[in-house]
Amino acid sequence: KHSKQYSKKNDIIKKLYRTGVVFGASLFLLLSLSVCSIISVISYVALALLSVTISFRIYKGILQAVQKSEDGHPFKMYLDKDVGISSELVHKYGDTALAHFNSLIKELRRLFLVEDLVDSLKFAVLMWILTYVGALFNGLTLLILGLIGAFSWPVIYEKHQAQIDHYYGLVNKQIKDVLGKIQAKIPGAKPKTE
């Protein structure tokens, strides 16, 4: 029983470590892109990686020469791994992406050609709000905020789930009430059945 608990704790620590690495690297990349051009960021990251790998290779070569061992190339196991992407994987994700793209095109056509007046008005209000958001933030700032939100929201929600669900329900009810009143006053707009 003790080993199972230790194993679970060890798994949690590994997941937290991986999450931290992904979050830190992603945030570093986005912050770097906000300061430098993408070409500079790629060049600096490649130079840093090359500095580490070349230094390690030279260090292992010197160590092998001093100890007179034949360990071989220090990155041999990584060089032998297949890093190619299978065509099945490309087709799987390509088909999924194509389905999402086609769905997006159909939805945009429906909104821009005013198939449903209320939905098109909602879309217009959303675009109007986004003009103000765009004036306040650039896309990279929104990506940084989105990344921070994506990694912090699950923790916040887990700690305050009851309060968040309560207020979400209240806001959702108010929005449905307002939309129902608007739909009742607009001629030709029929309320959707859920």
Side-chain angles (χ1 to χ4, degrees), residues 12 15-42 45 85-194:
I12 291 172
K15 288 179 183 178
L16 284 174
Y17 177 75
R18 287 181 191 150
T19 302
V21 168
V22 169
F23 175 70
S26 303
L27 188 61
F28 176 75
L29 177 68
L30 290 175
L31 290 173
S32 299
L33 285 173
S34 69
V35 175
C36 302
S37 72
I38 191 163
I39 295 171
S40 298
V41 171
I42 290 171
V45 168
I85 299 173
S86 69
S87 62
E88 292 85 21
L89 191 66
V90 171
H91 287 296
K92 175 185 169 190
Y93 288 110
D95 291 344
T96 304
L98 182 63
H100 286 298
F101 180 75
N102 286 336
S103 175
L104 174 70
I105 294 296
K106 287 178 185 175
E107 184 65 20
L108 288 174
R109 179 186 66 186
R110 190 181 75 77
L111 290 170
F112 280 109
L113 298 180
V114 195
E115 183 179 309
D116 182 7
L117 180 63
V118 175
D119 284 348
S120 293
L121 287 173
K122 286 187 222 176
F123 185 65
V125 169
L126 176 66
M127 292 299 108
W128 179 68
I129 291 170
L130 286 179
T131 61
Y132 287 102
V133 172
L136 294 173
F137 305 105
N138 66 18
L140 201 53
T141 305
L142 290 175
L143 281 175
I144 292 169
L145 291 174
L147 178 74
I148 292 170
F151 278 89
S152 59
W153 176 251
V155 175
I156 293 169
Y157 183 73
E158 187 177 294
K159 288 183 180 179
H160 306 288
Q161 183 175 0
Q163 295 96 334
I164 291 171
D165 287 344
H166 172 71
Y167 287 115
Y168 174 76
L170 290 175
V171 168
N172 198 17
K173 183 181 180 299
Q174 289 291 329
I175 290 173
K176 284 182 180 179
D177 290 345
V178 169
L179 287 176
K181 289 176 184 175
I182 291 172
Q183 285 177 341
K185 295 194 185 241
I186 295 176
K190 53 184 180 272
K192 287 187 177 178
T193 56
E194 293 184 30

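- One finds the CG atom of Leu126 at 12.0 Å from the CG atom of Asp119 (value rounded to the nearest 0.5 Å).
- The CG atom of Leu30 sits 10.5 Å away from atom CG of Leu145, with the distance rounded to the nearest 0.5 Å.
- Considering only heavy atoms from C-beta on, Leu143 stays 4.5 Å or farther from Leu33 through its side chain.
- Applying the ring pair (Phe, Tyr, Trp, His ring centres under 6.0 Å) test to every pair with at least one member in residues 104-130, sequence neighbours left out, gives these pairs: Phe112-Phe123, Trp128-Tyr132.
- Of all heavy-atom pairs spanning Gly149 and Pro154, the tightest one is O-CD, 4.3 Å.
- The salt bridge (charged side-chain N to carboxylate O under 4.0 Å, His left out) search around Lys173 returns Asp177, not counting sequence neighbours.
- Counting only residues at least two apart or in different chains, side-chain hydrogen bond (donor to acceptor under 3.5 Å, both in side chains) contacts with residues 22-42 comprise Ser37-Ser40.
- The number of heavy-atom neighbours closer than 6.0 Å to CD1 of Ile85, taken from other residues, nucleotides and ligands shown, is 12 or below.
- Proximity of Ser103 to Glu107: side-chain heavy atoms (C-beta onward) are nowhere separated by under 4.5 Å.
- Around atom CD1 of Ile38, no more than 12 heavy atoms belonging to other residues, nucleotides or ligands sit under 6.0 Å away.
- Atom CD of residue Glu115 and atom OG of residue Ser120 lie 8.5 Å apart, to the nearest 0.5 angstrom.
- Open room surrounds CD on Glu158; 12 or fewer heavy atoms of other groups in view lie less than 6.0 Å from it.
- The number of heavy-atom neighbours closer than 6.0 Å to CD1 of Ile39, taken from other residues, nucleotides and ligands shown, is 12 or below.
- In this structure the side chain of Leu31 never reaches within 4.5 angstrom of the side chain of Val35, judged on heavy atoms.
- The NZ atom of Lys106 sits 12.0 Å away from the CZ atom of Phe101 when rounded to the nearest 0.5 Å.
- Scanning both residues, Leu29 and Val41, for their nearest heavy atoms gives CD1-CG1, 3.6 Å.
- In this structure, the separation between CG on Leu136 and CG on Leu130 is 11.5 Å, given to the nearest 0.5 Å.
- Rounded to the nearest 0.5 Å, atoms CG (Leu170) and CG (Asp165) are 11.0 Å apart.
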